[in-house]
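All remarks here apply to the structure that follows.
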Protein chains: 2
Amino acid sequence: MDRRELLKLDNQLCFAFYACSKEMMKLYRPLLSEFGLTYTQYITLLALWEKDGITVKELGSRLFLDSGTLTPLLKKLEAAGLITRNRDKSDERNVIIELTEQGRKLQQQVEEVPFNLYGKTQVSIEDITSLREQIAKFMRKMGTK
Amino acid sequence: MDRRELLKLDNQLCFAFYACSKEMMKLYRPLLSEFGLTYTQYITLLALWEKDGITVKELGSRLFLDSGTLTPLLKKLEAAGLITRNRDKSDERNVIIELTEQGRKLQQQVEEVPFNLYGKTQVSIEDITSLREQIAKFMRKMGTK
DNA sequence: GCCTAATAAATTGCATACAATTAAATTACA
DNA sequence: TGTAATTTAATTGTATGCAATTTATTAGGC
């Protein structure tokens, strides 16, 4: 493939990531709105269900988001009664995010979502795993993780 | 891999797309800002350099964006003197987007960007092509294209 | 101990995204 | 032919994203 060809939209890898990411989120949206969640709020909870009681900083490095995005998002999750935000007593610079009982309970209700999403498609678990691993390898090669 | 394991953030394919897309755009940002462009503006121009004189509708289906996003973005490109926006005389519902002379000239200046971006990494053309094709296949299987 | 550097969140400003609605134009069809 | 349905952009409202700045707190060097 020559240079000119590589510049076409359909040959650009970044655009493939961009488009696919958005289309996937579009499929998630109706399933998550059942629980009053956006996709970003959902992955924030996924991170907390794996490891609770972490700082905004740690959450941000996990989700590739900064405080400019997370602070208002976390305030919404707090207002919804799913998490608490408290300054770390031993270092007042840190804000510790913790799940509430309601936030923990939501996990069981939401855990079917990805299975429901893929269930209606031609995509197999092997497809998912293989592609995910290749993206991880790519990100390492790009020096972005 | 069991169900519980699949729900972890690092095993979620959608999150891989989301994170990788954002990290790639972060690498593009400094290269594009040299030309006063954002990533979304850049792919809009990529689409127009391939096919000029198309409607907002067609541009949107190409970029997976709707008029809510495109209208203000196209107004900015128009204000920057890169495109024109005109109602189609034969069907006044359509708005035709056309590159200006300046918009066409920009192509030569910007065409090095992806090569500069990948040039500093461990990623080969073969890596890019292979991954891009797999994403395209995945999107077809998801029924999203 | 004091002052400077470094760190973590929050805030501000700008640019997307997208659902839902509105407005204008065209099409379909009774 | 006249009107309802459809189509295309634009608008409105809400939710990210992120760079740059600000504020508060802590760490480090002397």
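Values reported hereafter were calculated over all heavy atoms of this structure, with side chains retained and with hydrogens, waters and symmetry mates removed. Letters A, B, ... are given to chains in the order of the sequence lines, protein chains preceding strands, and every chain is numbered from 1.
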Using every non-hydrogen atom in the two residues, find where B/A47 and B/R62 come nearest and quote the distance to one decimal. CB-CG, 4.3 Å
Please confirm whether B/Y18 and A/Y39 have ring centers closer than 6.0 angstrom. yes
Boundaries of the DNA chain D segment in contact with chain A, non-hydrogen, under 4.0 Å: D/dA15 to D/dT26
Could you please spell out the steps behind the salt bridge (charged side-chain N to carboxylate O under 4.0 Å, His left out) verdict for A/E50 and B/K8? CA-CA 7 Å; A/E50 271 183 60; B/K8 288 190 177 175; 5.3 Å; no
Quick check on DNA chain C: between B/T38 and A/G68, whose nearest nucleotide comes earlier from the 5' end? A/G68
Side chain B/S33, main chain B/P30, donor-acceptor under 3.5 Å: yes
For the backbone of A/T55 and the side chain of A/N94, can you confirm whether one donor and one acceptor N or O come within less than 3.5 Å of each other? no
Would you say the ring centroid of A/F15 lies under 6.0 angstrom from that of B/Y28? no
Would you indicate what A/L73 reaches in the nucleic acid, counting non-hydrogen atoms under 4.0 angstrom: base, sugar-phosphate, or nothing? sugar-phosphate
A/G103 backbone acceptor or donor facing A/T100 side chain under 3.5 Å: yes
Give a yes or no answer on whether the side chain of A/S21 reaches the backbone of B/S21 with a donor-acceptor pair at less than 3.5 Å. no
Any residue in residues 84-97 of chain A with a heavy atom nearer than 4.0 angstrom to DNA chain D? Just list them by number, or reply none. A/D91, A/E92, A/R93
Would you kindly compare A/Y18 and A/E58 by the position of their nearest DNA chain C nucleotide and give the one closer to the 5′ end? A/E58
For chain A and DNA chain C, what are the first and last nucleotides along the strand, 5' to 3', with at least one atom under 4.0 angstrom from a heavy atom of the protein chain? C/dT7 to C/dA19
How many angstroms lie between CG in A/L13 and OG in B/S130, if you round to the nearest 0.5 Å? 9.5 Å
Which part of the nucleic acid, if any, lies within reach of A/T40 when heavy atoms closer than 4.0 Å are counted: base, sugar-phosphate only, or nothing? sugar-phosphate
Determine the sole option in A/K137, A/K141, A/R140 for which the side chain to side chain contact (heavy atoms under 4.5 Å, CB included) test with B/V123 is passed. A/K141
